[in-house]
Amino acid sequence: RQGIIVNPVSLRKHYEQNIKQSVVDNINDTMEEVEKSGVITVMVVDDSITVRRATSKVLQRYGYNVVLAKDGEDGLEQLQIVTPDIILSDIEMPRMDGFEFAKNVKNTEKYAGIPIIMITSRTADKHKNYAFSLGVEGFLGKPYQEEELIANITELVQRTVH
């Protein structure tokens, strides 16, 4: 019998020295190209893979570049790599919910100007009012209407660009 023995310490060291930075560089280069091309980048923050996939397909059909995050913490990590033109966020998520995520975004000078639309099944006025008090610019119920979502994105992105 033959097999390969992998030394995880050496493998990690090789990754850190040779691969990790080139992956980050490639992502940064790609994002710079997207920014120069004028394509709008939308970050979708939702713990449901089904919602992320469906929303991503809708947005791509309209020509948007899409960045996905599985919860608020992941969204904050994604912001270290890419600065989207707009963020769509669920409220109820593990690790960091949409309200905490919105608070973090709006309280960080670099990201405070990025419009956020909450898309949630929590449509009671108390949730809506709290979201707006955090600086969220849009609020849609689930399931959202595709046309309404695109209209909201278009309006908010145009408002922040001009």
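Keep in mind it's a predicted model, so treat the numbers as computed, not measured.
Taking every heavy atom of both residues into account, Ala112 and Lys106 meet most closely at O-NZ, 3.2 Å. Here the closest heavy-atom approach between residue Asp71 and residue Pro94 is recorded as CB-O, 3.4 Å. Contact detail for Tyr64 and Ile150: the closest heavy-atom pair is CE1-CD1, 3.9 Å. The two residues Met118 and Gly98 come nearest to each other via the heavy atoms CE-O, 3.2 Å. Minimum heavy-atom separation, Val67 to Gln78: CG1-OE1, 3.7 Å. Here the closest non-hydrogen pair linking Ala69 and Asp74 is CA-OD2, 3.1 Å.
Around CZ of Arg95, the count of heavy atoms belonging to other residues, nucleotides or ligands within 6.0 Å exceeds 12.
The backbone N or O of Arg53 sits nowhere less than 3.5 Å from a side-chain atom of Ser56 that would complete a donor-acceptor pair. Side chain of Asp97 to backbone of Met93: no donor-acceptor contact under 3.5 angstrom is found. Judged purely by atom type and a 3.5 angstrom limit, Thr108 has no side-chain atom pairing as donor or acceptor with the backbone of Tyr111. Judged purely by atom type and a 3.5 angstrom limit, Glu137 uses its side chain to pair as donor or acceptor with the backbone of Ile116.
Here the side chains of Pro84 and Ile114 are in contact, with some heavy-atom distance below 4.5 Å. Within the 4.5 Å cutoff, no side-chain heavy atoms of Val66 are placed close to those of Arg52. With contacts defined as side-chain heavy-atom distances shorter than 4.5 Å, the pair His127/Thr120 does not qualify. Looking at Asp90 and Val45, their side chains never come closer than 4.5 Å, going by heavy atoms from C-beta outward.
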Mind running side-chain contact (heavy atoms from CB on, under 4.5 Å) on Ile117 and Ile86 for me, showing each step along the way? CA-CA 8 Å; Ile117 298 174; Ile86 190 163; 3.8 Å; yes
Test side-chain contact (heavy atoms from CB on, under 4.5 Å) applied to Ile40 and Asn65, step by step: CA-CA 6 Å; Ile40 293 168; Asn65 181 47; over 6 Å; no
side-chain contact (heavy atoms from CB on, under 4.5 Å), that's the test. Do Ile87 and Phe101 meet it? Break it down for me. CA-CA 11 Å; Ile87 297 170; Phe101 174 67; 3.6 Å; yes
Any chance you could lay out the side-chain contact (heavy atoms from CB on, under 4.5 Å) test for Leu88 and Leu149, step after step, and finish with the verdict? CA-CA 10 Å; Leu88 310 179; Leu149 174 66; 4.0 Å; yes
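With values rounded to the nearest 0.5 angstrom, Met96 atom CE is found 10.0 Å from Lys103 atom NZ. With rounding to the nearest 0.5 angstrom, the CD1 atom of Ile119 is 8.5 Å from the CG atom of Asn152. Atoms CD and CD, on Glu77 and Glu73 in that order, are 6.5 Å from each other to the nearest 0.5 Å.
In this structure, Tyr130 is a member of the same hydrophobic cluster as Val105, with clusters built from ILVMFWY side-chain heavy atoms closer than 4.5 Å. Val82 is connected to Leu79 through a chain of hydrophobic side-chain contacts under 4.5 Å among Ile, Leu, Val, Met, Phe, Trp and Tyr, so both are in one cluster.
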Taking distance alone, no hydrogens or angles, what donor-acceptor pairs closer than 3.5 Å link side-chain atoms of residues 138-145 to residues at least two apart or in another chain?
| residue | atom | partner | partner atom | Å |
| --- | --- | --- | --- | --- |
| Lys142 | NZ | Asp46 | OD2 | 2.9 |
| Tyr144 | OH | Thr55 | OG1 | 3.1 |

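The salt bridge (Lys or Arg N to Asp or Glu O under 4.0 Å) pairs that include a residue from residues 111-130 are Glu92-Arg122, where partners are two or more places apart or lie in different chains.
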